[in-house]
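Worksheet: one structure, shown below.
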Amino acid sequence: MSSDSIKYLLSEDRIPRDWYNLIADLPSPPPPVLHPGTHQPVGPDDLAPLFPMSLILQEVASERTIEIPNPVRDIYRQWRPTPLYRARRLEQALDTPAQIYYKYEGVSPAGSHKPNTAVAQAFYNKESGVKRITTETGAGQWGSSLAFAGALFDLEIEVFMVKVSFQQKPYRRALMESYGATCTASPSDKTMSGSKILEDNPDSTGSLGIAISEAVEMAAQREDTKYALGSVLNHVLMHQTVVGQEAIEQMEMAGAYPDVIVGCTGGGSNFAGIVFPFLGQKLRGGKDVRIVAVEPAACPSLTKGRYAYDFGDTGHLTPLTKMYTLGSTFIPPGFHAGGLRYHGMSPLVSHIKELGLIEATAYAQLDCFEAGVQFARAEGIIPAPEANHAVKGAIVEALRCKEEGKSEAILFNLCGHGHFDMQAYTDYFTGKLQDMRYSEEELAMALAGLPSVENTIGA
Ligand SMILES: *Cc1c(COP(=O)(O)O)cnc(C)c1O
């Protein structure tokens with residue numbers, strides 16, 4: 001038998017025609033989103049200053065499918081369908097009877113799954129007459145994806161990048177600027193919220209929470225400007241379902257069906273992308289499949305957080321959503337998988353966890369890098385530090401299969417490459433990378449500070 005990895009490719013015309021909305025197949029919908037002041041469910045009009053109405057309607061949609069507009073499909077064609085690989089050399093290295101498959105989203109121009117939603121969001125904003133979009137970015141993956149989409153639709157993109165990442169990852173910033181976006185270190189003096197932070201603390205290294213406040217403030221100021229988010233929201237997760245829909249067809253080509261699907265979770269979008277179409281089949285009476293979410297041990301919302309209403313940002317400008325959260329004031333330690341450093345989890349992923357439809361587990365940074373390096377040496381692709389969590393989860397499942405003598409099929413989402421994250425690999429090889437721990441005390445304090453809205457609604 002050949003030791004080569006096998007690639008399953010769909011033809012271009014097999015790019016999905018619709019996005020899939022999991023809510024249509026769930027036994028109950030997620031709890032309502034609440035207004036931060038009144039604690040009453042928010043309506044579409046409440047969100048209109050920030051998002052175009054087409055995206056707001058997708059956010060609250062209950063139909064099973066939403067047609068992908070042709071201009072978006074045409075752009076997807078540049079890198080979609082993405083390949084699905086059988087990781088034969090990794091299987092051999094692990095000496096496991098399991099079959100390991102991975103869907104590779106790193107082939108997009110920005111190097112991750114994020115352009116799947118960035119292109120869609122840019123399209124709907126352009127269509128509604130928007131001229132400029134503001135956003136925040138942590139490690140820079142979302143900022144560069146939206147910058148790419150903005151270039152295609154001739155939109156001005158204004159990115160607030162957490163200052164510590166702005167300094168640590170100059171190449172992500174250069175990528176955004178190459179696409180024509182403006183990238184500003186946050187906190188900045190471009191906004192009132194940024195200026196206020198700088199006044200109090202001129203040396204502030206920034207946080208995702210502060211950057212969100214700056215982007216939201218700027219979007220609210222001008223009629224022709226809206227705001228975009230790269231994860232967490234229902235419509236973002238839905239745009240990512242092209243990943244799982246393609247994977248269903250590709251697993252069919254491979255003559256297999258996954259026994260277990262693994263994905264890493266920051267805000268939940270790449271996980272939802274690969275998982276939801278399979279979960280939908282199961283909920284409609286299809287085959288059973290185990291689903292495992294993998295998160296960083298240093299920011300473990302699904303495994304150590306509380307399922308409660310909370311704010312999406314530190315500045316408390318956003319509506320309240322019910323989700324697994326570590327508390328909006330919780331600041332995770334600065335580990336390298338920047339895309340997973342979020343205090344909450346998507347309300348939809350939180351809801352299906354609460355329904356018992358998925359499992360969650362957490363691994364520390366060094367274990368994940370070890371897994372990523374083993375993967376790179378077998379399969380040749382350098383995973384993003386975030387994706388290393390999915391690799392680690394898949395390897396754990398493969399070793400369990402070895403112990404139990406089972407030849408299960410394992411599918412995971414390799415959601416991005418790590419070409420802009422090589423400093424993290426260098427730190428790993430030189431022993432500088434350490435396992436970060438959050439303070440139990442700080443977590444307890446952040447959880448104690450959760451807003452008390454539980455008993456005010458009947459949900
Ligand atoms: C942004 C990002 C993540 C985390 O976001 P999710 O919404 O949880 O997918 C994970 N991996 C990569 C490569 C990312 O760019």
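Only a predicted model underlies this, so the values are computations on that prediction, with no experimental measurement involved. Counting from 1, the numbers follow the sequence of the chain as shown. Both ligands and their constituent atoms are indexed starting at 1 by order of listing.
Here F420 and Y171 keep their ring centres 6.0 angstrom or further from each other. Ring to ring, H316 and F311 are close: their centroids are under 6.0 angstrom apart.
Within ligand 1, the atoms closer than 4.0 Å to a non-hydrogen atom of S231 are 6 (P), 7 (O), numbered from 1 in the order shown. Close contacts of ligand 1 with S269, meaning ligand atoms under 4.0 Å from a residue heavy atom, involve 6 (P), 7 (O), 8 (O), 9 (O). In summary, the atoms of ligand 1 found under 4.0 Å from a heavy atom of G266, numbered by their order in the structure, are 8 (O).
Among all protein heavy atoms, the one lying closest to atom 4 (C) of ligand 1 is G339 O, 3.2 Å. For atom 9 (O) of ligand 1, the nearest non-hydrogen atom of the protein is N270 ND2, 2.8 Å. Residue, atom and distance of the protein heavy atom nearest to atom 15 (O) of ligand 1 are K114 NZ, 2.7 Å.
No N or O atom of E386 sits closer than 3.5 Å to an N or O atom of ligand 1. When only interatomic distances are considered, the shortest N/O to N/O separation between G267 and ligand 1 falls below 3.5 Å.
Looking at N116 and E105, their side chains do bring a donor and an acceptor atom within 3.5 Å of each other. Counting only N and O atoms by type, the side chains of S186 and E136 include no donor and acceptor under 3.5 Å apart.
Look at H113 and you'll find a heavy atom under 4.0 Å from some atom of ligand 1. In this structure, A387 falls outside the shell of residues with a heavy atom less than 4.0 angstrom from ligand 1.
Ring geometry for Y8 against Y101 counts as tilted: the plane angle lies between 30° and 60°, on a 0 to 90° scale. The aromatic rings of W79 and F148 lie perpendicular to each other, with more than 60° between the two planes, well past the 30° mark. Taking the six-membered ring where tryptophan is involved, the planes of F51 and H235 are perpendicular, since the angle between them exceeds 60° and thus also 30°.
Within the structure, every pair that satisfies the side chain to side chain donor-acceptor pair (under 3.5 Å) test and touches residues 362-380, not counting sequence neighbours, is listed here: S5-E379, Y102-E379.
Under 4.0 angstrom from ligand 1, the non-hydrogen atoms of T265 all belong to its backbone. Proximity of E105 to ligand 1, defined as any heavy-atom pair under 4.0 Å, is not found for any part of the residue.
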